[in-house]
Amino acid sequence: MSPQAIRICIVGAGPRGTVALERVCANAEVLAHGLPIEVHVVDPYPAGGGRVWNLDHPRQLLMNTVAGDVTVFTDQTVTCDGPLTPGPTQYQWACMVARGEVDGITPEGQAEASAILPWSYASRALQGEYLAWAFRHIVAKAPAGVSVRVHRTRAIGLSDTADGLQEVRLEGEDLPLRVDAVVLAQGHYDVEPTDKERQLTDFASRHSVHYVPPASPGEADLAGARAGEPVLLRGLGLNFYDYMVLLSEGRGGRFVRDADDHLSYRPSGAEPLMYVGSGRGMPYRSRAEIRKEIVPRYQPAFVTAEEIARLRTAAGTGRNDFRRDLFPLVSKEICWVYYQALLADGEPERLARLRTEYPAHTWGSDAMEQLIAELVPDPAQRWDWELLDRPADQVDFADQADFRTWITAQLTEDLRHSRLGPDASAVKAAAAAMRDLRDEVRQVISHRGISGASYRDHVDRWFSGLCNYAASGPPATRVEQLLALIDAGIVEPMGPGMRITADEQQGVFLASSTRVPGLEVRARSLIEAHLPLTDVRRASDPLLRSLREAGGCRAYVIPNLDEPGYETGGIDVADVTFQVMGGDAVAHPARFSYGPPVESVQWVTAIGARPHVNSRTLLQGDAIARACLRLGANRVGSAGIQNHTQLAVPVASRRRKPKEEHHDHHRGSTRTCRDRRRRDRRQRRREIPDLESIS
Ligand SMILES: Cc1cc2nc3c(=O)[nH]c(=O)nc-3n(C[C@H](O)[C@H](O)[C@H](O)COP(=O)(O)OP(=O)(O)OC[C@H]3O[C@@H](n4cnc5c(N)ncnc54)[C@H](O)[C@@H]3O)c2cc1C
């Protein structure tokens with residue numbers, strides 16, 4: 001490694017590691033001042049897709065994001081400080097593959113790409129191929145001074161050196177990397193099991209039964225879920241749909257569509273009998289079908305930039321309460337969308353009255369209730385958060401057959417609404433707005449925007465789950481398949497309030513529902529159908545564990561007004577800069593983290609970058625990459641390497657020219673690159689990089 005080069009290590013080569021690399025390349029010309037740049041990317045899994053987007057996983061595992069909505073490249077909407085370097089979305093890339101413009105794609109990938117539409121849900125393996133291509137493309141187009149080295153191994157340690165560098169130890173490699181800055185883009189890193197999971201694992205090994213702790217379904221060992229035998233699935237979210245497909249179609253069964261467009265399931269005989277349930281008892285609602293390549297983001301009418309700024313003034317004080325201060329606005333916004341869509345097909349006077357009178361009323365006020373009651377006389381048509389969240393709570397079930405009839409009707413209705421899409425279904429219009437509004441909610445509640453108690457009780461224990469259930473579910477085809485599997489007797493929904501115990505005497509798992517009388521299932525297989533939560537306090541990932549033990553990072557605490565704060569499992573990072581906070585509450589100048597490891601500092605991080613919406617992932621990746629480059633340039637500069645021009649190398653001509661004007665969106669002014677270079681020089685003199693604002 002050359003001491004005259006800027007050296008950066010990116011731990012994790014998934015989507016965020018790839019974005020960070022791309023942003024280093026994009027900013028090289030403006031911030032490296034001709035110095036060479038060495039980027040070390042560390043991941044035991046293939047670069048680009050990393051562990052989640054694994055090419056070896058069964059193609060039946062689908063994304064829950066449509067192909068037109070997936071990217072790792074900056075488009076014209078991205079207001080980052082670095083140069084924009086557009087690239088194809090997953091859909092545009094699939095078209096390139098179909099036209100034969102991309103090498104190195106598997107035959108399965110070729111076949112899938114040829115059939116893809118902007119609103120298709122690609123397999124996760126195809127996303128792996130897209131990301132692997134993106135990574136190769138970024139490396140191939142990197143400015144000539146940038147060299148990228150991929151280390152297919154784990155990073156197991158991180159420490160400071162006496163001369164101010166970062167030392168990253170790699171598994172199986174004798175020599176550590178010594179770099180200027182480290183980006184921890186470790187996504188869904190490994191964690192220790194909880195006490196409960198450990199007990200169930202012990203139980204399973206004592207009684208030779210099958211237990212799958214929380215895991216990514218593509219990695220789970222399902223051999224113990226035997227043909228014809230009951231298997232319990234606890235959890236009815238996205239992970240459940242994955243297991244459902246792996247244990248049906250993945251076992252050789254087939255979904256068949258008849259002339260009347262009815263989907264049925266033909267078993268292979270190798271399927272287990274899936275007993276499925278959760279607290280709510282209702283699987284995640286399906287996504288609406290939207291047949292457009294670019295779906296514009298919902299523009300809020302009430303959760304406006306002004307309201308966000310107003311609510312942010314109390315950030316860090318522990319005074320804001322989600323339920324009291326933000327939820328009424330969120331509710332007003334979602335109902336605004338819902339009632340406009342609901343009334344759109346009715347008498348125009350009602351819609352006109354809604355539009356005139358609704359905005360002035362406070363959510364939940366008598367005047368608002370009265371207006372809604374007059375415009376929507378049927379109470380069954382009015383928006384009801386509790387009913388949305390807990391649809392089975394007010395229903396009595398006589399027995400399991402009764403529950404099956406009820407849930408089949410619910411799923412069928414949900415599917416009908418998804419097929420109608422947000423233009424024709426008020427419920428799905430509201431769900432789509434709810435999904436988009438997460439960005440405004442994120443802006444308010446992230447970085448200590450609300451009190452710790454409120455974050456725990458209202459966000460972690462309620463709103464996050466509700467949003468996932470109502471607005472971030474699977475493709476509609478998954479619900480259709482679930483209905484076919486219920487019909488074929490392969491899936492048996494157990495009802496709300498699922499209870500599971502490990503029976504020591506019989507050596508089996510016993511399952512029942514608190515709401516469905518007379519149902520008890522004995523099973524020799526239990527699958528926890530959800531992902532493990534990232535939690536730095538339980539990290540088994542050697543780098544994060546050793547870093548925390550050495551005081552190099554700490555769990556993020558959200559303060560309360562007059563009680564101790566709420567300790568979360570997120571890694572504490574500084575607001576704005578995403579620099580990792582040490583145990584001593586000091587932000588480390590050369591360590592950065594973003595994505596799932598910092599969940600709860602930021603809300604909803606387990607999500608990929610979306611095109612056309614000024615994606616936060618891209619903004620953050622850019623700011624972090626720029627800070628890393630400045631740190632390196634600063635070190636090399638202060639080490640007395642004078643003649644930078646000797647090291648200067650030509651930069652790929654397709655990149656934005658340095659003299660081009662660049663609009664500085666954060667300050668609302670237009671500046672030249674010379675201004676920016678001056679500012680960059682000023683910043684290089686500082687010890688801690690100034691990342692400017694990351695909105
Ligand atoms: C099963 C599953 C399905 C998902 N489906 C979707 C979807 O359809 N749409 C969507 O938007 N989001 C989905 N997500 C959310 C997902 O978090 C993001 O889409 C995205 O993958 C996050 O990118 P990332 O780079 O931050 O993290 P990751 O994708 O998790 O990548 C992190 C990388 O870091 C590596 N790593 C961790 N520790 C170390 C170490 N010590 N040394 C070296 N490398 C290390 C890992 O091997 C991994 O490759 C899904 C997540 C999962 C788990």
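These numbers come from the heavy atoms of this one structure, side chains and all, not from hydrogens, waters or symmetry mates. Source: prediction; values computed, not measured. Both ligands and their constituent atoms are indexed starting at 1 by order of listing.
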Closest protein heavy atom to atom 31 (O) of ligand 1, given as residue, atom name and distance to 0.1 Å
G14 CA, 3.7 Å

So if I count the atoms of ligand 1 from 1 in the order they appear, which ones are less than 4.0 Å from some heavy atom of G50?
49 (O)

The test is side-chain contact (heavy atoms from CB on, under 4.5 Å); show your working for L126 and M63 and say whether it passes.
CA-CA 9 Å; L126 189 73; M63 299 192 74; over 6 Å; no

Closest non-hydrogen atom pair between P542 and S546, with its separation:
O-OG, 2.7 Å

What protein heavy atom sits nearest atom 21 (O) of ligand 1, and how far away is it?
W53 NE1, 2.9 Å

Please determine if D414 and K428 form a salt bridge, counting it only when a charged side-chain N lies under 4.0 Å from a carboxylate O.
yes

Are H447 and Y556 an aromatic pair, judged by ring center distance below 6.0 Å?
no

If you apply the rule ring-ring contact (aromatic ring centres under 6.0 Å, His included), what do you find for Y130 with H137, and how did you get there?
CA-CA 10 Å; Y130 165 65; H137 171 81; over 10 Å; no

Going by the atom numbers of ligand 1, which of them fall below 4.0 Å from some non-hydrogen atom of V11?
40 (C), 42 (N), 43 (C)

Between S123 and Q60, does the side-chain hydrogen bond (donor to acceptor under 3.5 Å, both in side chains) criterion hold? Intermediate values first, please.
CA-CA 7 Å; S123 68; Q60 285 118 356; over 6 Å; no

Could you tell me, atom by atom, which parts of ligand 1 come under 4.0 Å of a heavy atom of R154?
42 (N), 43 (C)

Taking only heavy atoms of V42 into account, list the atoms of ligand 1 that are under 4.0 Å away from them.
43 (C), 44 (N)

Say whether, by atom type as modelled, one donor and one acceptor occur between the side chain of E599 and the main chain of V604 under 3.5 angstrom.
yes

At less than 4.0 angstrom from any non-hydrogen atom of P44, what atoms of ligand 1 do you find?
43 (C), 44 (N)

Quick look: D242 vs ligand 1, heavy-atom contacts under 4.0 Å, and the answer is neither

Distance-only N or O hit between ligand 1 and T605, under 3.5 Å
no

Of all the atoms in ligand 1, which lie at a distance below 4.0 Å from a heavy atom belonging to P596?
26 (O)

Between D242 and R478, does any NZ, NE, NH1 or NH2 come within less than 4.0 Å of an OD or OE carboxylate oxygen?
no

Between T65 and ligand 1, is there a nitrogen or oxygen pair with a distance under 3.5 Å?
yes

Please name the residue in the list R124, R59, R136 that meets the salt bridge (charged side-chain N to carboxylate O under 4.0 Å, His left out) test with E129.
R59

Taking 4.0 Å as the limit for heavy-atom contacts, which would you say applies to S216 with ligand 1: side chain only, backbone only, both, or neither?
side chain

Within the 4.0 Å heavy-atom cut-off, what N64 brings close to ligand 1 is both

Any idea which atoms of ligand 1 are less than 4.0 Å away from a heavy-atom of R51?
47 (O), 48 (C), 49 (O)

From the options P217, P15, G187, select the one whose nearest heavy atom is closest to atom 29 (O) of ligand 1.
P15

Around atom 30 (O) of ligand 1, find the nearest protein heavy atom and jot down its residue, atom name and distance.
H188 N, 3.0 Å

Heavy atoms of A215 and P532 approach each other most closely as N-CD, 3.7 Å

Please evaluate residues V52 and H188 with respect to the criterion side-chain contact (heavy atoms from CB on, under 4.5 Å), reporting the C-alpha separation (whole Å), side-chain torsions for both, the decisive distance (0.1 Å), and the verdict.
CA-CA 8 Å; V52 173; H188 303 269; 4.0 Å; yes

Starting from atom 26 (O) of ligand 1, find the nearest protein heavy-atom neighbour and note its residue, name and distance.
R16 NH1, 2.8 Å

Answer whether the closest heavy-atom distance between the side chains of F592 and V580 falls below 4.5 Å.
no

Where's the contact between V52 and ligand 1, heavy-atom distance under 4.0 Å: side chain, backbone, both or neither?
side chain

Look at atom 41 (N) of ligand 1 and find which of L543, T153, D541 reaches it with the closest heavy atom.
D541

Using a plain distance cutoff, I'd like to know if G595 has any nitrogen or oxygen under 3.5 Å from a nitrogen or oxygen of ligand 1.
no

For L629 and A28 the tightest heavy-atom approach is CD1-N, 4.1 Å

among protein heavy atoms, the one nearest atom 34 (O) of ligand 1 is G12 CA, 3.2 Å

Which is it for A185 and ligand 1 at heavy atoms under 4.0 Å: side chain, backbone, both or neither?
backbone

Looking only at distance, does D43 have an N or O less than 3.5 Å from an N or O of ligand 1?
yes

Could you tell me which atoms of ligand 1, counted from 1 in the order shown, lie closer than 4.0 angstrom to a heavy atom of Y45?
47 (O)

Option of least heavy-atom distance to atom 36 (N) of ligand 1 (set: M63, Q186, E171, R124):
Q186

Check Y594 against ligand 1 and report side chain, backbone, both or neither, counting heavy atoms closer than 4.0 Å.
neither

Determine whether any heavy atom of Y121 lies closer than 4.0 Å to an atom of ligand 1.
no

Going by side-chain hydrogen bond (donor to acceptor under 3.5 Å, both in side chains), name the residues that satisfy it together with S248, two or more places apart in sequence or in a different chain.
none

Side chains of Y298 and P422: does their closest heavy-atom pair fall under 4.5 Å?
no

